[in-house]
**Q** 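If you scroll down you'll find the structure; I have some questions about it.
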Amino acid sequence: MISFRYHVVSIAAVFLALAVGVVLGSAGVSDRLLSAVSHEAEDLAGQVQTLRAERDALAAGQRASDEFAHRVGPAAVRGLLPGSTVTLVTSGADPADRDAVRALLQQAGATVGGEVALTPAVGDPARADQLRALTAELLPAGAQLPAAADTGSLVGGLLGGIVLAPAGQQAGQPIAAQQADAVLAGLAAAGFVEPGQRPQPGNVVLVLTGGALEGVDAGDAAAVVARLAAQLDLVGGGAVLAGRTGSAEATGAVGVARADPDVVERLSTVDDVQSGAGQVSAVLAVREQIDGRAGSYGTAPTASGGAAPAA
C-alpha cells in the first residue's frame with residue numbers, strides 16, 4: 001500500500017512539475033511576444049511620423065510652388081494674347097479655378113467673351129436621347145450638326161457657332177444673336193445649361209472641368225465633355241480642355257481626350273488647373289492653339305508635353 005501511495009505521489013509530482021514548467025514557459029513566450037509587439041509598434045509609430053513629415057514637406061513644397069506661380073504668372077503671360085477673345089465653357093469646374101484663369105487671360109491681353117456653364121444633365125446617359133433630339137430642334141436655320149451621333153459632338157456642334165467665330169475645319173455661317181439666344185434659352189429650359197447671358201464669340205474656347213467623375217456612368221459623362229471640346233476645336237481657331245488633378249484618369253474628360261490620338265493631335269489639354277502652375281499652363285496652351293500647335297500638360301503620366309507649354 002505504501003509503495004502504491006508513493007507511486008501516486010510521484011506521478012502527481014511529475015505532473016505538477018510539468019504544469020509549472022508549461023506555465024513558466026508560457027510566461028516566457030508571452031514576454032517575448034509582448035516585447036516583439038512593442039518593438040513593432042514603436043517601429044510603426046516611427047514610420048507614421050516619417051510619413052507625416054514627408055507629407056507636410058510635400059504640402060509645403062506645393063504651397064510654395066503655387067505661391068510662386070501666382071506671383072510670377074501674370075508676368076509670364078503678359079502680352080501673350082493681345083487682341084484675342086477667349087470664351088469659356090465650364091462643366092463641373094471649380095469657381096476658384098475659373099476665376100483665376102479668367103484673371104490670367106485678361107492679364108495676357110485677351111478679352112474673355114463670357115461663359116456657357118453646362119449642367120451634369122449633359123453627361124447623363126438617361127437624358128442622352130432627349131439631348132440629341134433637342135440639338136436638332138434648336139439648330140438654327142442654315143447651320144449643320146456633325147455627322148457623329150454622340151451627344152458630346154452634337155452639343156459641341158450646336159454651341160460652336162455661339163461661343164466661337166467660325167474658322168475651323170467644320171466652320172459654318174455665324175449664328176445671329178437672336179438665334180443664339182434661342183439656343184441657349186432652349187438648353188437652359190431643359191436643364192442642360194445654367195441660365196446666363198449669351199457670350200461673345202471668341203477665336204479660341206477654353207473648356208474647364210473638374211477632376212475624375214464617380215459613379216457607374218462616370219466614363220460616359222467624361223466622354224461627353226471630351227468630345228464636346230474636340231468638336232469645338234474643329235469649329236473655331238482652337239480649343240483647350242483643362243481639368244483638375246484626376247481629370248487625366250479614365251473617368252476624367254482629359255483622360256478620355258488623351259486616349260484618342262486624333263483628338264490630342266489638335267486639342268491642347270491641361271490636367272492640374274487647380275494649381276497656380278496649371279492655370280498658367282492653360283493660358284499658355286491658348287497661345288499654343290492660336291499658333292496652330294497642341295500638347296498635353298500637367299502632372300499626370302499622360303502629360304507628354306511636360307509641366308507646361310513653352311512660352
**Q** Hey, could you give me the CZ/CG distance between Phe192 and Leu131, rounded to the nearest 0.5 Å?
**A** 4.5 Å

**Q** Scan for side chain to side chain donor-acceptor pair (under 3.5 Å) pairs involving residues 183-195, sequence neighbours excluded, and state none if there are none.
**A**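 Passing the test, one end in residues 183-195: no pairs.
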
**Q** Does Arg127 use its side chain to pair, donor to acceptor, with the backbone of Ala121 at less than 3.5 Å?
**A**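 No.
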
**Q** How long is the straight-line distance from CG of Asp99 back to CG of Asp94, given to the nearest 0.5 Å?
**A**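 Between atom CG of Asp94 and atom CG of Asp99 there are 9.0 Å.
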
**Q** Testing the basics here: between Leu232 and Gly160, what is the closest heavy-atom pair and its distance to 0.1 Å?
**A**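 That closest heavy-atom pairing would be CD2-CA, 3.7 Å.
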
**Q** Using only atom types and a distance under 3.5 Å, with no angle test, would you say the side chain of Asp150 pairs donor to acceptor with the backbone of Gly152?
**A**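 Pair found, side chain donor or acceptor close to backbone of Gly152.
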
**Q** When hydrophobic residues are tied together by side-chain contacts of less than 4.5 Å, even through go-betweens, does Val155 share a cluster with Val254?
**A**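 Val155 clusters together with Val254.
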
**Q** When you measure from the side chain of Thr135 to the backbone N and O of Leu154, does any donor-acceptor pair fall under 3.5 Å?
**A**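 Checking the backbone N and O of Leu154 against the side chain of Thr135, no donor-acceptor pair under 3.5 Å is found.
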
**Q** So, Glu288 side chain and Gly292 main chain: donor-acceptor pair closer than 3.5 Å or not?
**A**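 Judged by distance alone, no pair lies under 3.5 Å.
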
**Q** Minimum heavy-atom separation for Asp271 and Ala303, please, with both atom names.
**A** OD2-CB, 3.7 Å

**Q** State, to 0.1 Å, how close Leu184 and Arg198 come at their nearest heavy-atom pair, and which atoms those are.
**A**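 Minimum heavy-atom contact is CD1-CA, 3.8 Å.
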
**Q** Do Thr87 and Leu164 come within less than 4.5 Å of each other through their side chains, counting heavy atoms only?
**A** no

**Q** Assigning hydrophobic clusters by single linkage (Ile, Leu, Val, Met, Phe, Trp, Tyr; side-chain heavy-atom cutoff under 4.5 Å), is Leu134 placed with Val193?
**A** yes

**Q** Would you check if the side chain of Asp233 reaches a backbone N or O of Ala239 as a donor-acceptor pair within less than 3.5 Å?
**A** yes

**Q** Under 3.5 Å, side chain of Gln279 to main-chain N/O of Val273, donor-acceptor pair present?
**A**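 Confirmed, Gln279 side chain pairs with Val273 backbone.
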
**Q** Between side-chain atoms of residues 199-228 and protein atoms elsewhere (two or more places apart, or another chain), which donor-acceptor pairs fall under 3.5 Å?
**A**
residue, atom, partner, partner atom, Å
Asn203, OD1, Thr85, N, 2.8
Thr209, OG1, Ser91, O, 2.9

**Q** When you measure from the side chain of Gln289 to the backbone N and O of Val240, does any donor-acceptor pair fall under 3.5 Å?
**A**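 Checked: no pair found.
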
**Q** Can you tell me if Arg287 uses its side chain to pair, donor with acceptor, with the backbone of Val283 under 3.5 Å?
**A** no

**Q** Quick check: do Leu159 and Leu118 have side-chain heavy atoms less than 4.5 Å from each other?
**A** yes

**Q** Could you measure the distance from the CD atom of Glu115 to the CZ atom of Arg98? Nearest 0.5 Å is fine.
**A**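 Separation between the atoms: 5.0 Å.
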
**Q** Check Val183, Ile162, Asp181, Leu139 against Ile175 for a side-chain contact (heavy atoms from CB on, under 4.5 Å) and give me the one that passes.
**A**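 Going through Val183, Ile162, Asp181, Leu139 one by one, the side-chain contact (heavy atoms from CB on, under 4.5 Å) with Ile175 is satisfied by Ile162 alone.
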
**Q** Before giving the answer on side-chain contact (heavy atoms from CB on, under 4.5 Å), spell out for Ser84 and Ile290 the whole-Å C-alpha distance, their side-chain angles and the decisive distance to 0.1 Å.
**A** CA-CA 9 Å; Ser84 298; Ile290 292 173; 3.4 Å; yes

**Q** To the nearest 0.5 Å, tell me how far Gln231 CD sits from Leu267 CG.
**A** 11.5 Å

**Q** Out of curiosity, does Val264 fall in the hydrophobic cluster containing Val235 (side-chain heavy atoms, cut-off under 4.5 Å, transitive links)?
**A**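 Not linked; separate clusters.
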
**Q** Between Ala190 and Gln130, which heavy-atom pair has the shortest distance, and what is it?
**A** CB-NE2, 4.1 Å

**Q** Would you tell me whether Arg258 and Thr269 have side-chain atoms, one donor and one acceptor, within less than 3.5 Å of each other?
**A**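 A pair is found: one side chain offers a donor N or O, the other an acceptor, under 3.5 Å apart.
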
**Q** Got Val270 and Asp272 here, is their nearest side-chain heavy-atom distance under 4.5 Å?
**A** yes

**Q** Locate the shortest heavy-atom distance separating Leu158 from Pro140; write the atom from each residue and the value.
**A**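 Residues Leu158 and Pro140, closest heavy atoms: CD1-CD, 4.2 Å.
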
**Q** To check you understand the geometry: which heavy-atom pair defines the closest contact between Thr151 and Ala128, and what is its length?
**A** CG2-O, 3.6 Å

